[in-house]
Amino acid sequence: DGRLDDAERELDEVLAAGLGTEIEREAWIKREAVRRARAGETGFSAATLGWFDATATREAQTVALTSATEHTSGTARFVGAYLLGRALLGAGEPEAAATWLLRAVESADGVDSAPLLAEAHALRADSLTRLGRLDEARSAWQAVVALPSAPPDARGRAEDGLARITWLAK
């Protein structure tokens with residue numbers, strides 16, 4: 001479909017422009033949704049793109065994305081689990097967030113966005129820290145530091161997270 005080709009090209013241009021980590025993360029996710037639509041995975045694509053629809057209720061978006069994520073694999077599973085985990089952490093539900101974010105990092109093969117990978121690990125580390133699971137949190141923060149192309153802001157956040165763990169463990 002020509003519209004999908006155009007959308008993917010436009011998202012590739014956004015990614016190539018280096019407009020910042022938040023914009024890159026969102027563009028990468030949307031490009032993955034477009035690619036999945038081209039592959040016939042329209043349910044996942046619609047749920048992912050619907051996640052960014054400001055007119056839809058978060059509850060409806062969560063139901064759609066949860067269902068779609070449970071029925072996919074690979075980078076699509078990463079995307080769905082990342083978005084759900086991020087939302088749950090923001091809603092003050094670190095236990096559920098940690099579960100979804102673990103699914104995300106376990107499904108990260110094929111994800112070629114360093115900012116997105118770093119954010120997934122950092123969100124997981126943050127949720128584990130909030131739960132007092134400090135050894136797991138330390139490992140998650142170290143995973144951010146170990147990413148060879150992690151953005152400087154992600155490395156700084158991880159260093160802060162590791163310092164916080166050291167302080168909390170006293």
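What's counted below: heavy atoms across the whole structure, side chains too, no hydrogens, waters or symmetry copies. Given the structure is predicted, the values throughout are model-derived calculations rather than measurements.
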Does any non-hydrogen side-chain atom of [Y] lie less than 4.5 Å from one of [X]?
X: Val145; Y: Arg155; result: yes
X: Arg124; Y: Leu128; result: yes
X: Arg164; Y: Asp126; result: yes

Derivation of the side chain to side chain contact (heavy atoms under 4.5 Å, CB included) call for Arg130 and Glu93: CA-CA 10 Å; Arg130 292 181 194 193; Glu93 298 181 41; over 6 Å; no
Polar side-chain atom of [X] near backbone of [Y] as donor-acceptor pair, under 3.5 Å:
X: Ser67; Y: Ala64; answer: no
X: Thr72; Y: Ala68; answer: no
X: Ser45; Y: Ala33; answer: yes

Between atom CD of Glu136 and atom CG of Leu102, what is the distance when rounded to the nearest 0.5 Å?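 It is 8.5 Å, given to the nearest 0.5 Å.
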Approximate separation, where rounding is to 0.5 Å, of Ser139 OG and Ile165 CD1: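 CD1 of Ile165 is found 9.0 Å from OG of Ser139.
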Is it true that Arg36 and Thr75 share a donor-acceptor pair across their side chains at a distance under 3.5 Å?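 Checked: Thr75/Arg36 side chains pair up, N/O donor to acceptor below 3.5 Å.
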State plainly whether the residues Arg9 and Asp6 are in salt-bridge range, i.e. N to O under 4.0 Å.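 Salt bridge present between Arg9 and Asp6.
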Using a strict 4.0 Å threshold on nitrogen-to-oxygen distance, state whether Asp135 and Arg138 make a salt bridge.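 Here Asp135 pairs with Arg138 in a salt bridge, since their nearest N and O are under 4.0 Å apart.
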Closest non-hydrogen atom pair between [X] and [Y], with its separation:
X: Arg25; Y: Pro115; value: CD-O, 3.7 Å
X: Ser113; Y: Glu24; value: OG-OE2, 3.3 Å
X: Thr69; Y: Gly80; value: OG1-CA, 3.2 Å
X: Ala125; Y: Ala137; value: O-CB, 3.7 Å
X: Ala104; Y: Ala81; value: N-CB, 3.6 Å
X: Ala150; Y: Ala118; value: CB-CB, 4.4 Å

With respect to Glu8, which candidate in Arg31, Lys30, Arg3, Arg35 satisfies the side-chain hydrogen bond (donor to acceptor under 3.5 Å, both in side chains) definition? Arg35
Connected-component partners of Leu131 among ILVMFWY, side-chain separation under 4.5 Å: none
For Leu116, what are the other residues in its hydrophobic cluster, where any two members join if their side-chain heavy atoms are less than 4.5 angstrom apart? Leu15, Trp28, Ile29, Phe44, Trp51, Phe52, Leu65, Phe78, Val79, Tyr82, Leu83, Leu84, Leu88, Leu89, Trp100, Leu101, Val111, Leu117, Leu123, Leu147
Please lay out, stage by stage, how Gln61 and Asp53 fare under the test side chain to side chain contact (heavy atoms under 4.5 Å, CB included). CA-CA 9 Å; Gln61 292 168 324; Asp53 180 357; 4.2 Å; yes
Using salt bridge (Lys or Arg N to Asp or Glu O under 4.0 Å) as the criterion, list what pairs up with Arg103, not counting sequence neighbours. Glu70
Before giving the answer on salt bridge (charged side-chain N to carboxylate O under 4.0 Å, His left out), spell out for Arg86 and Glu22 the whole-Å C-alpha distance, their side-chain angles and the decisive distance to 0.1 Å. CA-CA 13 Å; Arg86 181 177 173 175; Glu22 184 66 32; 3.2 Å; yes
